[in-house]
Each structure stands twice: as C-alpha cells, then as structure tokens.
Amino acid sequence: MTGQVRTVDGRVAGRRGQATRQKLLDCLSEMLSSSPYRDVKVIDVARKAGTSPATFYQYFPDVEGAVLEIAEQMATEGAQLTSLVEGRTWVGKSGWSAAEELVDGFLEFWRRNDAILRVVDLGAAEGDKRFYKIRMKILNSVTNSLTESVKELQAKGKVDKDVSPAAMAGSLVAMLAAVASHQKGFQAWGVKQAELKPNLALLVHLGITGKKPTR
C-alpha cells in the first residue's frame with residue numbers, strides 16, 4: 001500500500017495499522033462473494049479479520065464506507081482496461097485480434113471483480129452518485145479509447161461518416177458490461193464460454209469496423 005493511510009479521525013496509520021485495514025478490506029471482499037451486500041455487518045467483518053468492531057471503526061465509518069474503498073481500488077484497476085484498445089489497429093486480421101483481446105480482457109475483469117461490481121451496479125441503479133461515478137470511471141476508460149478508434153477509421157475512409165463514434169463506442173461498452181455481468185446466465189441458455197467469446201468479439205468487430213472480420 002502506497003501513500004499515507006489515515007484513520008477516520010485523521011491520524012496517519014502505521015505499518016501495522018495499514019496491514020489491519022487491508023485485512024479488513026480483504027475479508028469484506030471475500031464476504032461480498034457469498035453474502036448479500038446489506039446482510040454484511042461490521043461485527044462479522046471484524047470477527048473474520050480477527051479483530052474488533054472498534055478497530056473497524058478506526059478505519060471506516062461503516063460497511064458502506066469500506067465497500068466504497070474496495071470499489072475505488074477496483075475502478076483504478078479497471079481504468080487500465082484502456083490498454084486493451086489504445087494504439088490497436090482495427091484493419092485486417094489485427095482488427096479481429098483487437099476484438100478478441102478486448103472481449104477476453106473485459107470478461108476476465110468482470111469475473112475477477114464480480115462481487116464488488118454487483119454492489120456498484122446496485123448502488124448506481126439506486127441513484128447513488130458515488131457508485132455511479134465509479135461505474136462510469138471503469139466504462140469510460142474503454143469507451144473513450146473505442147471512440148478514438150472509430151474516429152481514426154472514419155478519417156481513413158474505412159467507416160461511414162454517418163456513424164457517431166461516441167454512440168457506437170458507448171453502445172458496445174454497455175453491451176460488454178451487460179454480457180459480462182450475465183455470464184452465468186448464458187450457461188442457463190446452453191451457451192458455453194467458448195461460444196460466447198467469439199460471438200461477442202464478432203459484434204464488437206462489426207460495430208467498430210462495419211465489416212466481417214478477417215481471421
């Protein structure tokens with residue numbers, strides 16, 4: 001952990017305090033994977049971390065405050081999703097590779113952070129601006145890069161001028177987020193992960209380039 005970590009009352013936490021704080025966050029993350037967000041209590045998080053509720057309150061005002069901290073850390077990681085798109089070419093076989101790698105990276109990120117993303121989606125849907133901003137921070141990282149990709153293809157005459165780059169990129173990212181959060185649901189439809197990825201990549205490629213991919 002880098003930088004100064006402070007307690008709720010503004011004191012700088014020492015190395016041991018930082019370790020305790022991170023352990024509380026790790027335990028909360030684990031609990032969110034198996035329990036509904038609103039069922040998680042401070043006393044349960046503290047007990048799992050081998051400490052007391054009083055210690056929890058030294059670092060976080062409540063469970064929601066700790067959840068937001070986890071979500072912020074996850075959003076910082078999510079901002080790196082832009083590397084899946086930035087500087088990629090969408091012409092020829094490279095375009096198909098770009099689509100496949102974007103889908104792979106997006107689905108993997110969602111699987112890895114499934115529990116906290118469910119909480120973020122719930123908070124955003126209920127109108128909590130803090131969770132909404134976190135969700136948009138993740139999605140914007142990809143949307144902005146895809147928008148630039150479409151603009152570049154338009155400048156080269158490879159995509160119709162009538163296409164709105166921001167609308168197309170935003171629609172594709174919203175689709176990716178919806179599919180990523182519904183991955184288990186596809187199994188109920190008899191769709192295997194190995195079938196989902198190439199079909200999703202096909203939609204992304206068609207959306208960005210307007211053409212069938214060269215494989």
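Worth saying up front: this structure is predicted, and the values here are computed from it rather than measured.
- The aromatic ring centres of H182 and W189 sit less than 6.0 Å apart.
- Cluster annotation: W96 is not connected to I208 through the hydrophobic network of ILVMFWY side chains, with a link wherever side-chain heavy atoms come within less than 4.5 Å.
- Counting only heavy atoms from C-beta outward, the side chains of K41 and V63 never approach each other to under 4.5 Å.
- When all heavy atoms are compared, the tightest approach of I116 to L32 is CD1-CD1, 4.1 Å.
- Here the side chains of E101 and R88 are in contact, with some heavy-atom distance below 4.5 Å.
- Neither M168 nor L206 shares a network with the other; the hydrophobic side chains, linked directly or stepwise wherever heavy atoms of I, L, V, M, F, W or Y lie under 4.5 Å apart, form separate groups for each.
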**OP:** With side-chain contact (heavy atoms from CB on, under 4.5 Å) as the test, would you mind laying out the steps for V91 and L153 before giving the verdict?
**Re:** CA-CA 9 Å; V91 178; L153 289 171; 4.1 Å; yes
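- Residues passing the side chain to side chain contact (heavy atoms under 4.5 Å, CB included) test with D160 are D162, V163, sequence neighbours excluded.
- Taking a cutoff of 4.0 Å between a charged side-chain nitrogen and a carboxylate oxygen, E30 and K48 qualify as a salt bridge.
- Of the possible donor and acceptor atoms, none in the side chain of K197 sits under 3.5 Å from a partner among the backbone N and O of D104.
- In this structure, R21 CZ and Q58 CD are separated by 12.0 Å, a value rounded to the nearest 0.5 Å.
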**OP:** Step by step, work out the side-chain contact (heavy atoms from CB on, under 4.5 Å) result for E148 and E86.
**Re:** CA-CA 9 Å; E148 290 306 311; E86 244 177 12; over 6 Å; no
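- V179 is listed as a side-chain neighbour of L196, based on a closest heavy-atom distance under 4.5 Å.
- The minimum heavy-atom distance linking L202 with P213 is given by the pair CD1-CD, 3.5 Å.
- From F109, atom CZ reaches atom CG of L176 across 13.0 Å, with rounding to the nearest 0.5 Å.
- Distance check, rounded to the nearest 0.5 Å: OG1 of T51 to CZ of F56 gives 11.0 Å.
- The existence of a salt bridge linking E64 and R130 is confirmed by a sub-4.0 Å separation between a basic side-chain nitrogen and an acidic carboxylate oxygen.
- A side chain to side chain contact (heavy atoms under 4.5 Å, CB included) with V67 is found for exactly one of V119, D62, V120, namely V119.
- To the nearest 0.5 angstrom, I134 atom CD1 is 12.0 Å from L139 atom CG.
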**OP:** Could you go through the side-chain contact (heavy atoms from CB on, under 4.5 Å) check for R135 and F131 one step at a time?
**Re:** CA-CA 6 Å; R135 189 173 195 277; F131 286 113; over 6 Å; no
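- The nearest pair of heavy atoms linking V142 to V173 is CG1-CG2, 3.7 Å.
- A heavy-atom distance below 4.5 Å is found between the side chains of L122 and R38.
- The CG atom of L117 sits 5.0 Å away from atom CH2 of W110, with the distance rounded to the nearest 0.5 Å.
- The nearest pair of heavy atoms linking L107 to Q183 is O-NE2, 3.4 Å.
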**OP:** Quick one: do D121 and R118 satisfy salt bridge (Lys or Arg N to Asp or Glu O under 4.0 Å)? Show the steps, please.
**Re:** CA-CA 5 Å; D121 283 348; R118 284 201 311 271; over 6 Å; no
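- Applying the side chain to side chain contact (heavy atoms under 4.5 Å, CB included) criterion to K133, with sequence neighbours excluded, gives no partner residue.
- With salt bridges taken as basic N to acidic carboxylate O contacts below 4.0 Å, none links E152 and K156.
- By the 4.5 Å heavy-atom criterion applied to side chains, T209 and K211 are counted as neighbours.
- Residue M136 is found in a hydrophobic cluster whose other members, listed by chain and number, are Y132; membership requires side-chain heavy atoms under 4.5 Å apart, directly or through intermediates.
- For the pair T147 and K151, the minimum side-chain heavy-atom distance is below 4.5 Å.
- To the nearest 0.5 angstrom, K137 atom NZ is 10.0 Å from M74 atom CE.
- For the residue pair L81 and G105, the shortest heavy atom distance occurs at CD2-O, 4.0 Å.
- Between the side chains of S52 and T55, at least one donor N or O lies within less than 3.5 Å of an accepting N or O.
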**OP:** Go through the steps for T89 and S94 under the test side chain to side chain donor-acceptor pair (under 3.5 Å), then give the verdict.
**Re:** CA-CA 6 Å; T89 176; S94 296; 5.3 Å; no
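- At a threshold of 4.5 Å between non-hydrogen side-chain atoms, the residues V159 and W90 do not count as touching.
- C27 and V45 get closest at one heavy-atom pair: CB-O, 4.4 Å.
- Within the 4.5 Å cutoff, no side-chain heavy atoms of S141 are placed close to those of Q80.
- In this structure, a donor-acceptor pair under 3.5 Å is present between the side chains of D26 and Q22.
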**OP:** List the steps, then state whether side-chain contact (heavy atoms from CB on, under 4.5 Å) holds for N113 with E77.
**Re:** CA-CA 10 Å; N113 297 285; E77 178 192 347; 4.0 Å; yes
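- A salt bridge does not link K192 with E195: none of the charged nitrogens is closer than 4.0 Å to a carboxylate oxygen.
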